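Chain identifiers are assigned alphabetically (A, B, ...) following the order of the sequence lines, protein sequences preceding nucleic acid strands; residue numbering begins at 1 within each chain. Because the structure is predicted, anything quoted here is derived from the model rather than measured.
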Amino acid sequence: IVTYNSLLNVFGKAGNYSEALRILKEMEENNCPPDSVTYNELVAAYARAGFYEEGADVIDTMTSRGIMPNAVTYTTVITAYGKAGKEDKALDLFDRMKNSGCVPNVCTYNTIIGMLGKKSRTEEMMRILCEMKSNGCVPNRVTWNTMLAMCGNKGMRNHVQQVFREMKNCGFEPDRDTFNTLISAYGRCGSGIHASKMYDEMIKAGFSPCVTTYNALLNALARRGDWKAAESVLLDMKSKGFRPS
RNA sequence: AUCACUUC
C-alpha cells in the first residue's frame with residue numbers, strides 16, 4: 001500500500017492524474033484496498049492540475065467506499081479552492097468539514113488564514129485566528145509566517161514589526177522562511193529599504209539565501225527602481241550557483 | 001515507511 005501510494009505521489013506531482021486513476025483501479029483489482037492516504041494523493045493530484053471540483057468529488061467517493069476524509073483531505077481541497085479564487089467555496093467546505101465532525105488542525109487553519117489574508121478579509125481572518133486558539137490549536141511557525149506575509153498588503157507596513165515582535169514573544173525565532181517572508185512583505189508594501197535590511201539581518205543571523213530569498217529581494221528592488229542594486233544581487237546569485245528564473 | 005498549510 002505504501003508503494004502504491006508513493007507511486008500515486010510521483011504521478012500526482014507530475015500532474016498526471018489519469019495515470020493516478022489507473023493506479024487506483026489497479027489497487028482495487030489487486031486486492032489492495034485504497035486507504036485515506038491513497039485518496040488524499042488522488043485529491044492532491046487533481047488539485048495540482050487545477051481540477052478542484054474533481055478533487056472535491058473524491059470526498060464523496062471515498063466516503064461511499066467507507067474511507068472517511070480526514071483533515072488532510074479537507075485541507076487539500078480547501079487550498080485548491082483558495083488558489084482558484086473560490087474563497088467562499090473554501091469557507092463552505094470548511095464549515096462542512098466541521099459539521100461532519102472532522103477537526104481542523106493547524107494546517108487547515110493556516111490555509112484559511114492565508115487565504116483570507118491574501119484577500120484582505122482581515123476581520124474574518126481574525127475571527128478564524130480566535131476560533132483556532134479557542135479550539136486549542138496552537139499557532140506554529142507557518143501560522144506566524146502567514147500573518148507576516150499579509151502585512152505586505154497595502155497599508156499594512158506598520159504592522160510588520162508588531163506581528164514580528166508577537167511571534168518572538170510566543171517563542172518563535174525567525175528561520176530562513178521567516179526572513180524570506182519579511183523580505184517579500186516589505187517589498188510588496190513598497191519598502192525596499194526595509195527589505196534590504198531584512199536580507200542583511202538574515203545573513204547576519206547565519207542563514208544562507210535561497211532562490212526564494214533572491215526572488216523576493218529582486219522584486220523589492222525592482223519596485224523601488226533600484227536597478228543597480230538588483231544587478232549586484234543577480235551577480236551574487238549567480239556566483240552562488242543559482243540561476244535566475 | 002507514503003498525503004495537506006506560509007515565503008516564489
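- You'll find that the side chain of Asp177(A) is closest to U7(B), out of U7(B), C3(B), A1(B).
- One interatomic measurement links the two molecules: OH of Tyr74(A) to P of C5(B), which rounds to 18 Å at whole-angstrom precision.
- Distances from the side chain of Asn5(A) to the nucleotides C5(B), U2(B), C3(B) place U2(B) closest.
- For Ser6(A), the side-chain atoms get nearest to U2(B) when compared with the rest of A4(B), U2(B), U6(B).
- The phosphate of C8(B) has OP1 or OP2 within less than 4.0 Å of a side-chain N or O from Ser184(A).
- Listed pair Lys118(A) / U7(B) meets the phosphate criterion, a side-chain N or O lying under 4.0 Å from OP1 or OP2.
- Nucleotide U6(B) holds its P atom 16 Å from the CG atom of Leu129(A), rounded to whole Å.
- Counting only N and O atoms by type, the side chains of Asn30(A) and Tyr4(A) include a donor and acceptor under 3.5 Å apart.
- Using a 4.0 Å heavy-atom criterion, one finds that Thr76(A) contacts the sugar-phosphate atoms exclusively.
- Judged by distance alone, with hydrogens and angles left aside, Asn215(A) brings no side-chain donor or acceptor close enough to the base of C8(B) to form a pair under 3.5 Å.
- Between Arg121(A) and Glu124(A) there is a salt bridge, since at least one side-chain N of the basic residue sits less than 4.0 Å from a carboxylate O of the acidic one.
- The distance from atom CG of Asp35(A) to atom C1' of A1(B) is 12 Å, rounded to the nearest whole Å.
- Residue Asn105(A) is classed as a base contact, given a heavy-atom separation below 4.0 Å to a base.
- The nearest whole Å value for the distance from the CD atom in Glu41(A) to the P atom in A4(B) is 7 Å.
- We find that Lys98(A) and Glu131(A) are joined by a salt bridge, their nearest charged nitrogen and carboxylate oxygen being less than 4.0 Å apart.
- For Met125(A) and U6(B), the CE to P distance is 15 Å, given to the nearest whole Å.
- Of the charged side-chain nitrogens involved, none lies within less than 4.0 Å of a carboxylate oxygen, so that Glu173(A) and Arg141(A) do not count as a salt-bridged pair.
- Atoms CE (Met115(A)) and P (U7(B)) sit 13 Å apart, rounded to a whole Å.
- A centroid separation of 6.0 Å or more is found between the aromatic rings of Tyr17(A) and Phe11(A).
- Atom CE in Met97(A) sits roughly 15 Å away from atom P in A4(B) (whole-Å rounding).
- Proximity note for Ala149(A) (side chain, C-beta onward) versus U6(B), C8(B), C5(B): the nearest is U6(B).
- Here Thr212(A) lies in heavy-atom contact (under 4.0 Å) with a base.
- Atom CZ of Arg48(A) is separated from atom C1' of C5(B) by 13 Å (rounded to the nearest Å).
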